[in-house]
Amino acid sequence: MAGNSVWFQKEVSLPARQRGCHLITSEIEKLSEIRQVKIGLCHILIKHTSASLCLNENWDPDVRVDMEMMLNHLVPETTKFRHTCEGSDDMPAHVKAALLGCHVTVPVTDGKLNLGKWQGIWLCEHRNHGGSRQLVVTINGSSV
């Protein structure tokens with residue numbers, strides 16, 4: 001028998017990180033509200049337009065380095081963008097964020113994120129000096 005329906009929402013501030021792809025799964029798993037859900041969803045939104053979120057490889061850090069290399073290859077800073085008032089890395093960051101997206105949704109099962117064995121949640125920082133990043137984490141489902 002399923003428990004009562006529960007909803008939680010929390011803003012999480014992530015410290016500034018260097019440009020590149022960063023594994024943040026453990027920072028989301030720290031949220032105690034996840035452990036209160038038997039079956040449900042965890043939705044994560046980044047409140048920025050020059051960084052993104054995605055699910056990808058959690059084991060080999062070279063994958064994150066290679067992803068940054070490929071994103072820079074696909075959207076080089078040398079492209080002649082019209083929007084340049086915030087620096088040469090800003091418009092490429094917007095394009096990369098649009099390609100990867102600003103949110104992910106992960107199933108919650110028995111109080112844990114139900115990711116694949118090799119999956120992790122990535123914060124992709126597309127700016128040279130992006131600063132701290134704000135996330136909105138919304139968790140809903142049936143209670144334990």
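Note that these values count all heavy atoms, side chains included, but never hydrogens, waters or copies made by symmetry.
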Main-chain N/O of Q119 paired with N58 side-chain donor or acceptor, under 3.5 Å: yes
Closest contact, heavy atoms only, A51 versus H126: CA-CD2, 3.6 Å
Pair listing, salt bridge (charged side-chain N to carboxylate O under 4.0 Å, His left out) test, anchored in residues 118-128, at least two apart: D89-R127, D90-R127, E125-R133
Euclidean distance, I139 CD1 relative to W7 CH2, rounded to 0.5 Å: 11.0 Å
Pairs involving residues 68-92, ordered by first then second residue, that meet ring pair (Phe, Tyr, Trp, His ring centres under 6.0 Å) (sequence neighbours left out): H83-H94
Hydrophobic cluster membership, L31 vs L123, 4.5 Å side-chain cutoff: yes
Ion pair E57/K117, N-O distance below 4.0 Å: no
Nearest-0.5 Å distance that lies between atom CG in L113 and atom OG in S26: 10.5 Å
ILVMFWY cluster, L55 and L23 together (side-chain gap under 4.5 Å): no
T25 side chain vs I121 backbone, donor-acceptor pair below 3.5 Å: yes
Partner set under salt bridge (Lys or Arg N to Asp or Glu O under 4.0 Å) for R64, not counting sequence neighbours: none
Step-by-step side-chain contact (heavy atoms from CB on, under 4.5 Å) determination, N140 to V108: CA-CA 9 Å; N140 72 296; V108 176; over 6 Å; no
Indicate every side-chain donor-acceptor pair of residues 65-72 with a distance under 3.5 Å to a residue at least two apart or in another chain.
from, atom 1, to, atom 2, distance (Å)
E68, OE2, R19, NE, 3.1
E68, OE2, N72, ND2, 3.0
N72, OD1, R19, NH2, 2.7
N72, OD1, K96, NZ, 2.5
N72, ND2, E68, O, 3.1

Beyond-backbone contact of L135 with E11, side-chain heavy atoms, under 4.5 angstrom: no
same_hphob_cluster(L100, V106) at 4.5 Å side-chain heavy-atom cutoff: no
M91 reachable from V75 in the ILVMFWY side-chain graph, under 4.5 Å edges: yes
Under 3.5 Å, which donor-acceptor pairs link side chains of residues 32-44 to any protein atom two or more places apart or in another chain?
from, atom 1, to, atom 2, distance (Å)
E33, OE2, K10, NZ, 3.1
K38, NZ, D110, OD1, 2.7
H43, NE2, H103, ND1, 3.4

ILVMFWY network linking V137 to F8, side-chain heavy atoms under 4.5 angstrom: yes
Nearest atoms (heavy-atom pairs only) where P76 meets T79: O-OG1, 2.9 Å
Spatial distance of atom OG (S132) from atom CG (L14) [nearest 0.5 Å]: 8.5 Å
Exam field: side chain H48 to backbone Q134, donor-acceptor pair closer than 3.5 Å: yes
Distance, nearest 0.5 Å, that separates CH2 of W122 from SG of C54: 5.5 Å
Side-chain touch P92/V95, heavy atoms, less than 4.5 angstrom: no
Steps toward side-chain contact (heavy atoms from CB on, under 4.5 Å) verdict (I46, S52): CA-CA 7 Å; I46 189 164; S52 57; 5.5 Å; no
E29: partners by salt bridge (Lys or Arg N to Asp or Glu O under 4.0 Å), with sequence neighbours left out: none
